[in-house]
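Just below is one structure, and these are the notes that go with it.
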Amino acid sequence: MFFEKLYNKNKDHLFSFIRRSVQDESTALDLLQDTFLNFFKHYSGKELPDEQVSRMILFRISRNLMINHGKSYYQKNVALVGEETSSLFGSKGQGPENQVLDEMEAQNLGKILSELLSTLPEEQKTAIELRYSQGCKLEEIASVLDLSVSGVSRLLERAEKQLLQEGKKRGIQPSSFLKS
């Protein structure tokens, strides 16, 4: 029963986290399934950690699976990063023309953010995604990345600074995206 509750409570957040780094939705679903399978295999017949610790373990497993997947993609010379963000933004306009414009704006924003995030090292990118996309606390990110809380804080500061610098080079101000 605990496994089912854990799955139902975390599947959407984990899928969103994985989907931001994996271009293909079916691959993201496979990685999500592998995340839970690895967790269940490891803890079958063992004492289970509490719900919060289990959540952080799941994020760590999914991060490692994404890194492994990314390495195999790089070996095949295929682009790794791609984002579908149109579903994240609701339409502000009334008519179909405004809806199309809103979707185009959201897709452009997603592309810009994806390009900026792709300039970050993997650990910084993961920290930014966990903090701003998943709303994780510093303690949770520290658990996933196996760092201290102050280490995560410094990592996020460096990542944000690098995003700002890269954005300025491209004529973009990503600081508005980092406010949450």
Side-chain angles (χ1 to χ4, degrees), residues 1-74 80-91 103 106-107 109-110 113-114 117-118 120-157 159-160 163 177-180:
M1 191 65 152
F2 176 77
F3 285 132
E4 185 177 343
K5 181 181 174 186
L6 185 68
Y7 176 79
N8 289 331
K9 190 169 183 174
N10 292 291
K11 68 179 177 176
D12 293 332
H13 294 288
L14 282 166
F15 178 75
S16 175
F17 175 64
I18 294 168
R19 185 68 173 97
R20 283 184 175 76
S21 294
V22 179
Q23 192 170 6
D24 180 28
E25 184 174 341
S26 65
T27 303
L29 287 170
D30 288 343
L31 290 174
L32 177 67
Q33 180 180 7
D34 288 346
T35 297
F36 281 100
L37 285 174
N38 285 346
F39 180 86
F40 296 151
K41 282 180 188 175
H42 182 76
Y43 284 102
S44 65
K46 294 182 182 178
E47 185 177 332
L48 295 169
D50 67 38
E51 203 171 302
Q52 188 64 25
V53 172
S54 294
R55 175 180 157 87
M56 291 303 99
I57 291 170
L58 288 168
F59 272 98
R60 184 178 292 165
I61 292 169
S62 66
R63 176 181 174 263
N64 291 339
L65 289 172
M66 286 187 299
I67 290 170
N68 291 342
H69 174 75
K71 286 178 183 176
S72 70
Y73 259 53
Y74 282 124
L80 173 64
V81 178
E83 260 185 49
E84 275 297 321
T85 58
S86 58
S87 63
L88 298 176
F89 300 94
S91 175
E103 287 179 20
Q107 287 174 351
L109 176 62
L113 288 172
S114 180
L117 285 172
S118 71
L120 295 176
E122 186 64 36
E123 192 172 48
Q124 288 180 355
K125 179 182 169 189
T126 300
I128 288 286
E129 288 176 346
L130 287 171
R131 180 69 171 171
Y132 296 104
S133 296
Q134 298 299 322
C136 292
K137 297 176 183 177
L138 293 178
E139 295 83 9
E140 296 170 329
I141 299 169
S143 175
V144 170
L145 297 178
D146 200 24
L147 296 171
S148 66
V149 173
S150 63
V152 169
S153 179
R154 288 190 304 272
L155 183 72
L156 285 168
E157 285 176 24
E160 290 168 2
L163 284 173
F177 306 133
L178 297 175
K179 305 283 187 246
S180 68

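These values consider heavy atoms only, across backbone and side chains, with no hydrogens, waters or symmetry-generated copies.
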Minimum side-chain heavy-atom gap Phe59-Glu140 below 4.5 Å = no
Cys136 and Arg55: CA distance, side-chain angles, deciding distance, side-chain contact (heavy atoms from CB on, under 4.5 Å) verdict | CA-CA 11 Å; Cys136 292; Arg55 175 180 157 87; 3.8 Å; yes
Are any of the side-chain heavy atoms of Glu160 and Ile128 separated by less than 4.5 Å?
-> yes
Applying side-chain hydrogen bond (donor to acceptor under 3.5 Å, both in side chains), name anything that partners Glu139, two or more places apart in sequence or on another chain.
-> none
Listed partners of Gln124 passing side-chain hydrogen bond (donor to acceptor under 3.5 Å, both in side chains), at least two apart | none
Kindly write out the residues that satisfy side-chain contact (heavy atoms from CB on, under 4.5 Å) with Asp12, not counting sequence neighbours, or none if the list is empty.
-> none
Are Val152 and Arg131 close enough that some pair of their side-chain heavy atoms sits under 4.5 Å apart?
-> no
Would you check, one step at a time, whether the test side-chain contact (heavy atoms from CB on, under 4.5 Å) holds for Glu122 with Thr126?
-> CA-CA 6 Å; Glu122 186 64 36; Thr126 300; 3.6 Å; yes
With the side chain counted from C-beta on, respond yes when Glu129 and Leu117 share a heavy-atom pair under 4.5 Å apart, and no when they do not.
-> yes
Rounded to the nearest 0.5 angstrom, the CD1-CG distance for Ile18 and Leu29 is 8.5 Å
What is the distance from atom OH of Tyr7 to atom CG of Leu58, rounded to the nearest 0.5 Å?
-> 11.5 Å
Where do Ile57 and His42 land on the side-chain contact (heavy atoms from CB on, under 4.5 Å) test, with the steps shown first?
-> CA-CA 11 Å; Ile57 291 170; His42 182 76; over 6 Å; no
How many angstroms lie between atom CZ of Phe40 and atom CG of Leu6, to the nearest 0.5 angstrom?
-> 6.0 Å
Any pair counted as salt bridge (charged side-chain N to carboxylate O under 4.0 Å, His left out), so long as it reaches residues 38-53, sequence neighbours left out | Lys5-Glu51, Lys9-Glu51
Beyond-backbone contact of Leu155 with Ile141, side-chain heavy atoms, under 4.5 angstrom = no
Measuring from Asn38:CG to Asn64:CG, what's the distance to the nearest 0.5 Å?
-> 9.5 Å
Could you pull out all residues at least two apart from Ser26 that satisfy side-chain hydrogen bond (donor to acceptor under 3.5 Å, both in side chains)?
-> Asp24
Within-4.5 Å side-chain heavy-atom neighbours: Leu130 and Arg63 = no
Side chain to side chain, Leu138 and Leu156, heavy atoms closer than 4.5 Å | yes
CG of Leu31 to CG of Leu37, rounded to nearest 0.5 Å, is 11.5 Å
Rounded to the nearest 0.5 Å, what separation is found between the CD1 atom of Ile67 and the OG atom of Ser21?
-> 9.5 Å
Begin from the C-alpha positions of Ile61 and Phe36 and carry the test side-chain contact (heavy atoms from CB on, under 4.5 Å) through to its verdict.
-> CA-CA 9 Å; Ile61 292 169; Phe36 281 100; over 6 Å; no
Taking side-chain hydrogen bond (donor to acceptor under 3.5 Å, both in side chains) as the test, write out the residues that go with Ser133, two or more places apart.
-> Arg20
Pro49 side chain near Met56 side chain, heavy-atom distance below 4.5 Å = no
